[in-house]
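For reference, the structure discussed in these notes is given below.
Within every chain, numbering begins at 1; the chains are lettered A, B, ... in the order of the sequence lines, protein sequences first and strands thereafter.
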There are 2 protein chains.
Amino acid sequence: MPGQATGKERILASAMLLFARMPYSDTSLRDIAAAAGVDVAYVHRAFGSKAEIFRQALLALAPLDDIAAGDPDGATMINRICDLAFLRDPRKVEDVRPLHLLTQSSLCSEARAIIAQFFGTSLALPLSRAFGHADPGRAHFALSLLSGFVTHRAIFGPADLLAIPEADQRQMLQTALMNAMLPGCSDGVFGWRPI
Amino acid sequence: MPGQATGKERILASAMLLFARMPYSDTSLRDIAAAAGVDVAYVHRAFGSKAEIFRQALLALAPLDDIAAGDPDGATMINRICDLAFLRDPRKVEDVRPLHLLTQSSLCSEARAIIAQFFGTSLALPLSRAFGHADPGRAHFALSLLSGFVTHRAIFGPADLLAIPEADQRQMLQTALMNAMLPGCSDGVFGWRPI
DNA sequence: CCCTGTTGTCAACGCTCGATGACAGGGTAA
DNA sequence: TTACCCTGTCATCGAGCGTTGACAACAGGG
């Protein structure tokens with residue numbers, strides 16, 4: 001945490017980091033306070049409640065809205081979505097991938113509505129549109145595979161999976177998402193070829 | 001809970017139900033005790049610890065060991081694994097799918113090790129073997145997609161996804177897993193044809 | 001100067017949690 | 001009968017949680 005930032009900023013940065021690293025219920029205000037170098041009471045005082053801190057940490061990830069910019073085709077869209085699973089956060093908050101903050105707390109009731117809305121409007125909708133609105137359910141299906149991959153890798157981190165070079169992991173994920181979106185995986189509608 | 005069953009049995013049945021419905025950390029021994037109609041102390045006394053109850057609930061609900069019975073080929077193995085996501089519990093414990101118990105608590109640190117071991121030894125290993133040990137990382141990759149689908153559908157339940165007939169959902173999932181396991185998805189090594 | 005708001009600390013509250021020690025009934029075997 | 005385990009209850013413990021009230025330091029404006 002940079003010492004130059006104000007306490008509130010340090011709290012939010014710490015919250016983003018910790019909420020992306022462990023689920024909502026496992027992240028205590030005392031942990032956040034310790035990481036930000038302030039008192040527990042001030043963490044609560046500055047934001048009002050724990051749920052509000054989480055909400056603001058989620059909103060701070062807002063740049064994900066740009067994902068549908070330029071009305072991309074299916075392959076491009078999937079490529080961008082895969083970025084969320086592999087690219088680090090633009091603010092370079094350590095090793096936090098943007099999607100981690102969504103998946104880590106997906107089981108938490110306070111966060112569920114926000115996350116569900118994000119998946120629906122910011123991801124599934126543009127993804128479905130990029131494939132010609134073929135079948136909106138298919139977009140949700142593909143995204144469920146994506147979030148599973150992100151969660152599984154982050155939580156369990158099976159050695160066998162991590163042994164695969166990241167470029168190959170990404171290739172596998174892209175293929176899986178593309179196949180999920182295309183009813184027939186071998187027709188190469190968008191010039192796509194399975195590996 | 002049937003009144004004829006012994007206390008220990010009622011506790012385990014309640015634990016299976018509750019652990020599959022909400023994450024480990026949100027499920028208290030007091031909830032389980034109330035559902036089983038016994039005292040909190042006995043829940044702990046009868047099993048030793050909360051983690052042990054969870055472990056036994058896991059073992060009881062998903063007879064995952066049978067999944068590799070008969071040394072099945074890849075397609076059969078994937079078919080059986082999909083059962084975990086769609087079939088109800090054999091004991092007909094309400095609407096609980098076996099995999100729910102695994103995915104609901106996957107984010108909880110206390111349950112993580114237990115679940116990780118389950119995924120590794122009871123699922124990934126036999127799945128990998130069914131495909132000729134080709135690439136153990138690929139099995140973990142496929143399983144991550146599976147758990148993502150189960151979790152996503154259970155937690156968010158997007159209307160567009162639920163609108164797809166269950167048989168079609170299953171077909172999509174099977175295809176996705178098969179494609180994930182096969183480096184080339186169109187060669188039909190096991191007589192498999194994409195939808 | 002005083003007044004006021006922001007930033008922050010300290011100590012503590014009430015609550016829920018998992019876990020324990022003491023103990024009671026009831027069946028069984030010696 | 002006596003001894004013993006299994007089943008089960010009651011009261012309680014210590015720890016961690018989110019939250020709150022009281023208050024200190026410090027700034028800026030009148």
**Prompt:** So what does S25(B) hit on the nucleic acid, given a heavy-atom distance under 4.0 Å: a base, only sugar-phosphate, or nothing?
**Reply:** nothing

Enumerate, atom names and distances included, each donor-acceptor pair closer than 3.5 Å involving a side-chain atom of residues 52-59 of chain A, sequence neighbours excluded.
from: E52(A); atom 1: OE1; to: R55(A); atom 2: NE; distance (Å): 3.2
from: E52(A); atom 1: OE2; to: R55(A); atom 2: NH2; distance (Å): 3.1
from: E52(A); atom 1: OE2; to: Q56(A); atom 2: NE2; distance (Å): 3.0

**Protein-nucleotide distance (F47(A), atom CZ; dG18(D), atom P), rounded to Å** = 15 Å

**Message:** If you compare every side-chain N and O of S28(B) against the phosphate oxygens of dC17(C) (OP1, OP2), does one of them come in below 4.0 Å?
**Reply:** yes

**Fill in**
When rounded to whole Å, the CZ to P distance for the pair R10(A) and dT7(C) reads 12 Å

**Item:** Length of the line joining K50(A):NZ and dC17(D):P, which is rounded to integer Å
**Value:** 9 Å

**Request:** To the nearest Å, give me how far apart CZ (F54(A)) and P (dG18(D)) are.
**Result:** 14 Å

**Request:** Give the rounded distance in Å between these two atoms: CD1 of I53(A) and C1' of dT19(D).
**Result:** 12 Å

Heteroatom pairs (N/O) under 3.5 angstrom, protein to nucleotides 9-13 of chain D:
from: dT9(D); atom 1: OP2; to: D39(B); atom 2: N; distance (Å): 2.7

**Prompt:** Less than 4.5 Å apart, any side-chain heavy atom of L84(B) and any of L123(B)?
**Reply:** yes

**Message:** Does either side chain, that of N79(A) or that of T76(A), offer a donor lying less than 3.5 Å from an acceptor on the other one?
**Reply:** no

**Item:** Nearest heavy-atom neighbours spanning A124(A) and A139(A)
**Value:** O-CB, 3.6 Å

**Message:** Could you see if F86(B) belongs to whatever hydrophobic cluster contains I67(B)? Use Ile, Leu, Val, Met, Phe, Trp, Tyr and a side-chain cutoff under 4.5 Å.
**Reply:** yes

**Prompt:** Given dG18(D), dA19(C), dG8(D), which nucleotide is nearest the side-chain atoms of H44(B)?
**Reply:** dA19(C)

**ring-ring contact (aromatic ring centres under 6.0 Å, His included) partners of H152(A), counting only residues at least two apart** = F156(A), F119(B)

**Request:** Give the rounded distance in Å between these two atoms: CG of L29(A) and P of dT9(C).
**Result:** 14 Å

**Asked** Could you state the CG-C1' distance from L12(B) to dT7(D), rounded to the nearest angstrom?
**Response** 16 Å

